[in-house]
Amino acid sequence: MEYGIKELAQLAGVSTRTLRYYDEVGLLKPAYVTEAGYRKYGSEQVDALQHIRFFRELDVPLDDIRTIMTCKDFDRMAVLEEHREALINKRERLNVLIETVEKTIDSIRGELIMKDTEKFEAFKQEIIDENDRAYGSEVCERWGQDVYAQSQQKVKSMTPAQWAEVTQLSDEVNEALAAALAEGNPAGELAQKACDLHRQWLCYFWPEGMYSPQAHRGLAEMYVADERFKAHYDAIAPGAAEFLCEAISLRSA
């Protein structure tokens, strides 16, 4: 099958303006352009557009989509399997959110009494799932599946008060780290305060008895070695990951 731009737009449920933009940015080029200037799309472009729609459903930025799809090692089957897994996870998260909304509606109607912990269960699960996708494999490799499962269960069991405490503590860690970095002394009082706040924050997630200065230092070293962790802390201030690692190393020496 061969499609003009209007026909493909109708088939895929997008606008012709979107297809023109995809062409301009090099994301989806037509198979060819006629002498009269009409874009024509074939089966290869249809398949590519389907991938793009899958990626956009998962909120992947266009620049990232272009990078993935133009990679010489692009594997359509592998990408589809990843799409399927990501969409299943998204469906499960949505199911939990829907269930929470339905329970809230029923509680307002007086048909059931909703526990405070249930009101925030969906949001906690979303964070757990996000962390699992981003860091699960590295955490399991370093500390083992049992430790990771215990950590996940500890988060699920947090009360609303504990959840508020750990959220506040996370903000305090970031603020203290930024102030310490501005001072520039990893052995100083501000830096060591940031380290202690970070220790307190970790203990909300780590299983009982897991914390030690050596384990803390090992985690900080991973923050520097892993680009994703490094980017998280460097978003607070450039160089924050390495500064925190040095401060924690001095603390545990």
Side-chain angles (χ1 to χ4, degrees), residues 85 89 92-93 96 115-181 185-237 239-253:
E85 182 178 356
N89 290 334
E92 291 174 352
R93 294 196 303 274
V96 174
K115 297 178 182 178
D116 286 343
T117 52
E118 293 178 301
K119 296 177 182 178
F120 299 97
E121 195 64 36
F123 306 105
K124 286 193 291 184
Q125 187 60 50
E126 185 174 356
I127 292 174
I128 291 171
D129 291 342
E130 182 178 340
N131 287 336
D132 182 59
R133 291 191 302 276
Y135 312 117
S137 59
E138 287 84 356
V139 173
C140 288
E141 183 177 347
R142 180 178 286 266
W143 287 288
Q145 182 65 45
D146 289 343
V147 169
Y148 188 50
Q150 291 176 43
S151 176
Q152 288 182 311
Q153 185 56 46
K154 191 171 183 180
V155 174
K156 290 179 181 179
S157 302
M158 283 186 188
T159 65
Q162 289 172 321
W163 191 252
E165 288 170 4
V166 74
T167 301
Q168 175 63 31
L169 191 54
S170 178
D171 292 338
E172 291 177 9
V173 170
N174 294 347
E175 291 171 4
L177 181 56
L181 186 60
N185 181 10
E189 183 177 346
L190 284 177
Q192 293 308 305
K193 175 184 176 182
C195 291
D196 189 62
L197 288 170
H198 191 263
R199 175 193 63 78
Q200 295 176 46
W201 176 80
L202 278 179
C203 287
Y204 274 90
F205 299 94
W206 281 7
E208 295 298 327
M210 180 177 170
Y211 180 85
S212 71
Q214 294 73 27
H216 197 180
R217 184 175 66 248
L219 181 66
E221 290 170 353
M222 187 170 73
Y223 286 168
V224 175
D226 191 301
E227 288 299 323
R228 292 165 299 175
F229 286 101
K230 190 173 186 294
H232 171 80
Y233 283 96
D234 284 356
I236 299 170
E242 292 183 357
F243 183 86
L244 178 62
C245 181
E246 185 177 357
I248 290 173
S249 296
L250 290 170
R251 178 186 179 88
S252 60

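The first residue of the sequence shown is numbered 1, and numbering continues consecutively from there. All heavy atoms count here, side chains included; hydrogens, waters and symmetry mates do not.
- Legend: residues meeting side chain to side chain contact (heavy atoms under 4.5 Å, CB included) with E172, ordered by chain and number and at least two apart, are Q168, L169, L197.
- One finds the NE2 atom of H216 at 9.5 Å from the OG atom of S249 (value rounded to the nearest 0.5 Å).
- For the residue pair A220 and I248, the shortest heavy atom distance occurs at CB-CD1, 3.7 Å.
- For D196, the side chain to side chain donor-acceptor pair (under 3.5 Å) test picks out R199, Q200, R251, with sequence neighbours left out.
- Taking CD of E242 as the reference point, atom CG of L181 lies at 10.5 Å (rounded to 0.5 Å).
- The minimum heavy-atom distance between D234 and A240, with the atom names listed, is OD1-N, 3.1 Å.
- Scored by the ring-ring contact (aromatic ring centres under 6.0 Å, His included) test, Y223 finds H198, F229, Y233 as partners (sequence neighbours excluded).
- Distance CD/E175 to CG/L190: 12.5 Å, rounded to 0.5 Å.
- Residues N185 and A191 approach most closely at O-CB, 3.3 Å, considering heavy atoms.
- Contacts of K193 classified as salt bridge (charged side-chain N to carboxylate O under 4.0 Å, His left out), with partners at least two apart in sequence or in another chain: none.
- A235 is linked by a side chain to side chain contact (heavy atoms under 4.5 Å, CB included) to nothing, counting only residues two or more places apart in sequence or in another chain.
- Residues A187 and Q192 come closest through the heavy atom pair O-CG, 3.9 Å.
- Between C195 and L244, the shortest heavy-atom contact is SG-CD1, 4.4 Å.
- Residues satisfying the salt bridge (charged side-chain N to carboxylate O under 4.0 Å, His left out) criterion with E208, sequence neighbours excluded, are K154.
- Across C203 and Y211, no two heavy atoms sit closer than the pair SG-CB, 4.0 Å.
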